[in-house]
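Note sheet for the following structure.
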Amino acid sequence: MFGVTIFLFVLAFIIYERYSKLKITNLNGPKLIPLIGNGLEFLTNEDALYVLYRMVQKYGNIYRVWLCNDLYIIMTNPKDIEVLLNSYKHIMKAFSYKFVSSWLGNGLITSHGDTWRVHRKLLTPTFHFKILENSIEIIHRNVNILKNSLEREVGSGEFDIHSYIEKCSLDIIIETAMGIKMNVQTSNEAKSYLNAVKSVTNISVSRIFKVWLQPEFFYKMSNYSKIFDESLKQMEDVSKNVITSRRKELLEKTTPTPTSETKNKPFLDFLLTESNFTDDEIHSEVKSFMFAGHDTTTSAICFCIGQIAKHGDVQDKIYDEIIQIFPDGESYANIQNLNKLKYMENVIKETLRLYPTVPMIGRTILEDVVLPSGQKLPANSNINIFIYSIQRNPEIFENPDEFIPERFNDEKLKQYPYAFIPFSAGPRNCIGQRLAMMEIKMTLATLLRSYRLLATKSLHSSTISNDGN
Ligand code: HEM
């Protein structure tokens, strides 16, 4: 009897909460089924991203989706988004980030309030352009290792370039931000880390859309929970090892920080020697930066490679620009000449427009907001900024599904600063975007100088020839 009463009480609460929110928001959206909401819409083989994208065509620039008792408000109007992203009031992440917080802890990606404010202020200088200048040699060396390892694939038909790029990106973030060499590319040391990242990210995203995995009770009974915990343990062993190694090196002063005399120290050196972060806080930040610093960049480089391989004319133009700006192939880049790679920059932007590696971001708003479109959002709403869809808006991007790098020369785009936001925007934008752009440019420049990328049927695989043009 007691159990039934509790059940009815919980049910009544869920129904009350759901319909009170529903009434206030008064948004369009797919038909609801009691208790599971729109969960069935995502029970398909199609990626959740495309299900949500089709809903934009049906329900417009702002609509709602219920997954069990959670209300997701999906937004794609750049003017509305500007109001939210541009404000220091709306810096709290959406509740869907709870699925990654057991993994990333209270690091910069997931924290909020004063913790986020203080950490962001302290960490921003660790990605200052002076630090980035020092990263160029590291990127150059690692990208050359990548180029040499790809030699074995020349002429051997289709292969998956992703596994090469991810190792290179991981080596780069660990050496630039953490100050240690892990030599993932040559030693295969972090293979289990990379596999673990894949499992943990897949399970975290699945938990949002597979509604039966949302309640802790059912999740804990599933195999997902076991895989997640084991993978997390593998990742934490690696990230703890990174901290211990650098701490030891700093104590022994075997590899001093290149800029130890200046106020700009690289990320982990700053955390270990200048900050008053606790060990837990340091570990959360290291986990967050190791993940954010290699996974997104890997995908971005792979998507660029896919597009360049598919569009031979684009590849020719980039090649000519590389030869013009770096006539001496052996010398490596500096920030000034990387900035001159204007056409390549347009190609990267166009790739990130069509294939943003972070397709959606979320916030919880803590007070009522009236959007420029007139829609009222009540406090505590979870809003989801659908970057993938915003960047394919046909009213802003003509022929939005076509790959046209030249569109970024059009002055008209400046009227819509929040229509192209692959690195998000405002105070919580991507802290590593300049490092990412440098790394993408240097990787593409080095590979395209030596190899011709050839398109295959799938985006994830490519063939290459030894012919540099
Ligand atoms: C092409 C590469 C990259 C893309 C597309 C990208 C995209 C983004 C986006 C969209 C956000 C906002 C996330 C949100 O609001 O939930 C973000 C935040 C963040 N990114 Fe990146 N990122 C890239 C590379 C990097 C790199 C190389 C680093 C590390 C150095 C990095 C570190 C971070 C961190 C720590 C945050 C959280 C910032 C905060 O909340 O204050 N990202 N990134």
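Both counts, for ligands and for their atoms, begin at 1 and track the order of listing. Just so we're clear, the structure is a prediction, and the values are computed from it rather than from any experiment.
Residues satisfying the side-chain contact (heavy atoms from CB on, under 4.5 Å) test with Asp401, not counting sequence neighbours, are Tyr53, Arg392. Scored by the side-chain contact (heavy atoms from CB on, under 4.5 Å) test, Met360 finds Leu52, Ile74, Asn384, Phe386 as partners (sequence neighbours excluded). With sequence neighbours excluded, the residues that form a side-chain contact (heavy atoms from CB on, under 4.5 Å) with Asp80 are Met75, Asn77, Leu371, Pro372, Ser373.
An N or O contact shorter than 3.5 Å links Arg428 to ligand 1 by distance. Where the criterion is an N or O separation shorter than 3.5 Å, residue side chain and backbone included, Arg363 meets it with respect to ligand 1.
In this structure, the ring of Phe289 has its center less than 6.0 angstrom from the ring center of Phe127.
Protein nitrogen, oxygen and sulfur atoms, that is N, O or S, within less than 2.8 Å of atom 21 (Fe) of ligand 1 amount to 1.
Salt bridge status for Glu166 with Lys198: present, with a side-chain N to carboxylate O gap under 4.0 Å.
Ranking protein heavy atoms by distance to atom 10 (C) of ligand 1, first place goes to Pro422 O, 3.4 Å. Protein heavy atom at the shortest distance from atom 16 (O) of ligand 1 is Tyr97 OH, 2.6 Å. Looking from atom 5 (C) of ligand 1 to the surrounding protein, the closest heavy atom is Thr357 OG1, 3.1 Å.
Near Phe127, meaning under 4.0 Å from any of its heavy atoms, are these atoms of ligand 1: 30 (C). When each atom of ligand 1 is checked for a heavy atom of Ile173 under 4.0 Å away, the hits are 30 (C). Here is the list of ligand 1 atoms found below 4.0 Å of a heavy atom in Ile109: 36 (C), 37 (C). Those atoms of ligand 1 with a heavy atom of Ala300 less than 4.0 angstrom away are 1 (C). Every atom of ligand 1 with a heavy atom of Leu108 under 4.0 Å away is listed here by number and element: 39 (C), 40 (O), 41 (O).
A distance of 10.5 Å separates CE of Met178 from CG of Asp269, quoted to the nearest 0.5 Å. Taking CD1 of Ile165 as the reference point, atom CG of Asp160 lies at 10.0 Å (rounded to 0.5 Å).
Between Phe303 and the choices Leu354, Ile440, Thr357, the side-chain contact (heavy atoms from CB on, under 4.5 Å) rule is met once, by Thr357. Put simply, the residue from Ile421, Thr296, Ile387 that forms a side-chain contact (heavy atoms from CB on, under 4.5 Å) with Pro356 is Ile387.
Between Tyr63 and Tyr59, the ring-plane angle classifies as tilted under the 30° and 60° cut-offs.
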